[in-house]
Amino acid sequence: MDDAAVLDIGGTQIVLTSDTLVEGVHYLPDDPPDTIGWKLAAVNLSDLAAKGAKPIACLMNYALSGDDGWDSAFLSGLRAALEQFAMPLVGGDTVAMPRRSARSFTLTAIGSATATPVPSRTGARAGDVLYVTGPVGDSGAGLALLRSGQSSPIALIDAYRRPQPRVAEGKALAAYVTAMMDISDGLLIDAQRMAVASGIGVTVDYIPVSDAFLALRGRAAQIEAATSGDDYELLFAAPEGAVLPVPAIAVGRFDTGDGMRLVLDGQTVPLPKHIGYQHKGST
């Protein structure tokens with residue numbers, strides 16, 4: 001039901017999370033290695049942000065590529081993110097991968113909670129407003145551009161390759177929200193997950209998209225924006241009328257009952273068959 005564990009250690013609440021990036025699954029094989037290093041740190045930092053946690057340190061399991069130049073560039077991108085968000089690398093493991101196998105990297109992030117209770121997905125209440133800290137869909141649009149051989153607009157490409165974890169926003173919001181998580185798999189599927197975890201229903205009635213997304217895809221592609229994932233904005237519930245400490249966009253409301261409704265421009269819209277990224281294992 002959540003992306004991070006919270007441990008009470010001597011009265012201090014420690015937040016632990018771990019994420020893996022796999023070549024061909026979470027990034028394109030020809031993505032610049034420094035952006036992959038950045039993204040590995042960013043997706044873990046985003047999980048800490050969703051808990052309102054302050055980064056403390058991290059551990060990394062690193063699969064050597066056999067290419068010293070590639071490894072060096074990867075580590076430079078990782079270092080840039082860790083330094084920007086003050087999360088030092090304190091240990092881990094290094095392994096050699098079989099030749100021509102897909103690269104895989106795992107980072108475990110450690111943080112300290114800044115508010116009690118620590119936000120989770122389970123606390124949303126009927127009547128709460130659903131908010132997001134920024135527009136969605138830019139990363140998905142950037143990935144689609146790269147897959148089609150294009151390299152601009154750069155703002156969309158950067159949204160996919162260099163996501164910005166909302167660590168400061170998470171810490172500021174932690175004491176104000178009833179539930180919070182990051183949007184990693186898509187606005188719709190993650191709103192549904194929050195509602196299910198909280199045991200209530202949710203209506204999404206607005207999908208915020210950026211000017212760059214509008215210029216490229218238009219408002220008609222807003223369902224695509226809400227289902228593509230990799231946004232790493234914070235999705236949270238707060239009481240109606242709450243004065244929030246950071247800018248946020250209201251995108252819906254929680255209600256009694258269960259399930260999710262999508263209402264756009266005042267009209268109920270059928271949910272798309274694909275509402276977000278689903279993690280599927282092989283059998």
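Numbering starts at 1 and runs along the sequence shown.
In the displayed structure, D265 atom CG is contacted under 6.0 Å by at most 12 heavy atoms of other residues, nucleotides or ligands.
A salt bridge between D205 and R261 is absent, with no side-chain N of the basic residue lying under 4.0 Å from a carboxylate O of the acidic one. Classification of D3 and R121 as a salt-bridged pair holds, one side-chain N sitting under 4.0 Å from a carboxylate O. Under the 4.0 Å criterion applied to side-chain N and carboxylate O atoms, D128 and R253 are not assigned as salt-bridge partners. A salt bridge links R193 with D190: at least one charged nitrogen is closer than 4.0 Å to a carboxylate oxygen. Between D71 and R103 no salt bridge is recorded (no basic side-chain N to carboxylate O distance below 4.0 Å).
Among pairs with a residue in residues 130-143, those fulfilling side-chain hydrogen bond (donor to acceptor under 3.5 Å, both in side chains) read T133-E233, D138-S210, at least two apart in sequence or across chains. Residue pairs meeting the side-chain hydrogen bond (donor to acceptor under 3.5 Å, both in side chains) criterion with at least one partner in residues 35-46, sequence neighbours excluded, are K39-D230, S46-D182. Identified under the salt bridge (Lys or Arg N to Asp or Glu O under 4.0 Å) test for residues 144-154, with sequence neighbours left out: none.
Note that CG of L262 and OG1 of T268 are 8.5 Å apart. Values are rounded to the nearest 0.5 Å. A distance of 11.5 Å separates OG1 of T122 from CE of M181, quoted to the nearest 0.5 Å. Within the model, atoms OG of S228 and CD1 of I223 stand 11.5 Å from one another, a figure rounded to the nearest 0.5 Å. The CG atom of L173 lies 10.0 Å from the OG1 atom of T114; values are rounded to the nearest 0.5 Å.
Ring centers of F74 and F105: under 6.0 Å apart, within the cut-off. Aromatic ring centres of Y27 and Y160: separated by at least 6.0 Å.
Using a 4.5 Å cut-off between side-chain heavy atoms of Ile, Leu, Val, Met, Phe, Trp and Tyr, with links allowed through other members, I56 and F85 fall into different hydrophobic clusters. Taken together through direct or relayed side-chain contacts under 4.5 Å among Ile, Leu, Val, Met, Phe, Trp and Tyr, V167 and V132 form parts of separate hydrophobic clusters.
What you find for A124 and I200 is that their closest heavy atoms are O-CD1, 3.3 Å. The shortest heavy-atom contact between K51 and A4 is CE-CB, 3.9 Å.
Of the possible donor and acceptor atoms, one in the side chain of S101 sits under 3.5 Å from a partner among the backbone N and O of P98.
The side-chain heavy atoms of Q222 and L264, taken from C-beta on, include a pair separated by under 4.5 Å.
Looking at D47 and T17, their side chains do bring a donor and an acceptor atom within 3.5 Å of each other.
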